[in-house]
Amino acid sequence: MKKIVMIAVALVLATGLVFAGGKADAGKAKIGVSMPTQSLQRWNQDGANMKAKLEAAGYAVDLQYAGDNDIPTQVAQIENMIVGGCKVLVIAAIDGSSLTEVLKDAKANNIPVIAYDRLIMNSDAVSYYASFDNFKVGVIQGEYLRDKLNLKSAAGPFNMELITGDPGDNNAGFFFNGALSILKPYIDSGKIKILSGQKTFAQCATPSWSTEEAQKRFENIITSVGYGPKGVKLDAVMASNDSTAQGVTNALVGAGYTKANFPLLTGQDCDKASVKNMLLGLQSMSIFKDTRTLAAQVVEMVNAIAKGDTVPVNDKKTYDNGTGIIPSFLCDPIFATLDNYKELLIDSGYYTEADIAVK
Ligand code: BGC
């Protein structure tokens with residue numbers, strides 16, 4: 001027994017997996033946190049939360065944002081983190097498949113990698129994944145539309161359009177498939193009609209989850225189908241997140257829609273702009289993913305790695321990154337509408353009233 005313990009300790013020391021948090025700045029273990037962009041609200045919050053929580057736990061933090069979703073910048077920043085002596089890397093990838101090379105260096109230096117929110121694909125350097133239940137996000141959106149349109153008993157048909165995220169983001173497929181797992185039977189039976197004809201993930205994808213791209217695609221759909229308050233009726237839009245929903249809202253408002261005739265429109269993230277749209281009647285729901293919870297969970301993971309303890313995970317079957325299953329911790333996404341946004345967002349201290357005040 002003693003021998004086994006000694007071998008384990010020797011292994012841990014040799015791989016450098018256990019390190020000290022330390023008190024004085026110089027002695028603190030450094031954690032690298034790589035975020036994709038500062039142009040979407042949620043990643044600023046994620047970065048700020050991660051930094052604050054890691055520092056409170058006694059670590060030094062190298063937090064970097066990769067410009068505006070610039071892959072070479074993200075690769076260079078991660079390389080610097082490795083060279084700079086980071087003990088753990090926490091990475092929200094821009095493109096899940098672009099980090100294979102740089103992460104070989106992390107592995108060669110025994111630096112554990114935690115994929116943050118988005119799974120990093122095709123790299124055996126990824127040790128853990130922390131996210132929300134991404135399939136469930138889509139299921140909640142699909143169920144919302146099913147129930148609001150009363151698809152189980154109403155005769156229909158209803159006109160719906162679909163819009164989802166960046167093809168390089170592994171989450172996007174989970175969101176889309178989650179929503180389709182609820183909506184597809186109705187699409188197949190003809191109760192839901194998608195008049196644009198754009199039904200596949202590739203047709204509904206939005207590069208970089210960009211609001212402008214979403215708006216452009218939607219303006220084209222409005223024109224080609226003839227949707228409008230006085231034209232063809234549009235009953236619902238399944239948008240996978242808030243940044244794309246905002247593009248849809250812009251296009252619909254541009255086409256003359258008002259809150260009196262606005263179609264159902266889903267979202268995700270509870271971005272300030274989307275909560276305001278909800279208050280204005282220009283988006284129907286969102287999904288609250290409390291980035292404080294995710295950050296706290298990742299700090300737990302880092303602490304466990306630092307101490308050589310078992311890392312807390314709650315899913316060992318869903319996320320295969322091409323090199324095998326990545327042990328994951330999936331937080332719970334929460335359905336948000338005008339009925340519960342105060343409790344979720346204001347009472348919990350996530351936003352102030354002023355953050356989401358509408359003029
Ligand atoms: C995140 C979403 C976010 C989207 C765009 C996804 O990976 O899970 O919360 O809306 O990226 O930033």
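Order of listing sets the numbers, starting from 1, for every ligand and every atom in it.
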Requested in this report: Taking all heavy atoms of Ile120 and all of Ala93, pick out the closest pair and write down the distance.
Outcome: CG1-CB, 4.1 Å

Query raised in the report: Do Gln246 and Ser274 have side-chain atoms, one donor and one acceptor, less than 3.5 Å apart?
Result: yes

Query raised in the report: For ligand 1, what is the set of protein residues having any non-hydrogen atom at a distance below 4.0 Å?
Result: Leu40, Arg42, Trp43, Asp117, Arg118, Asp169, Asn171, Phe175, Trp209, Asn241, Gln268, Asp269, Lys289

Query raised in the report: Ser34 side chain to Ile91 main-chain N or O, any donor-acceptor pair under 3.5 Å?
Result: no

Report task. May I ask you to check whether Glu161 and Ser196 show a side-chain donor-acceptor distance below 3.5 Å? Result -> yes

Query raised in the report: Are Trp209 and Asp169 close enough that a side-chain donor and a side-chain acceptor fall under 3.5 Å?
Result: yes

Query raised in the report: Among pairs that include at least one residue of residues 286-344, which meet ring-ring contact (aromatic ring centres under 6.0 Å, His included), considering only residues two or more places apart or in two chains?
Result: Tyr129-Tyr319, Tyr144-Phe335, Phe174-Tyr319, Phe288-Tyr350

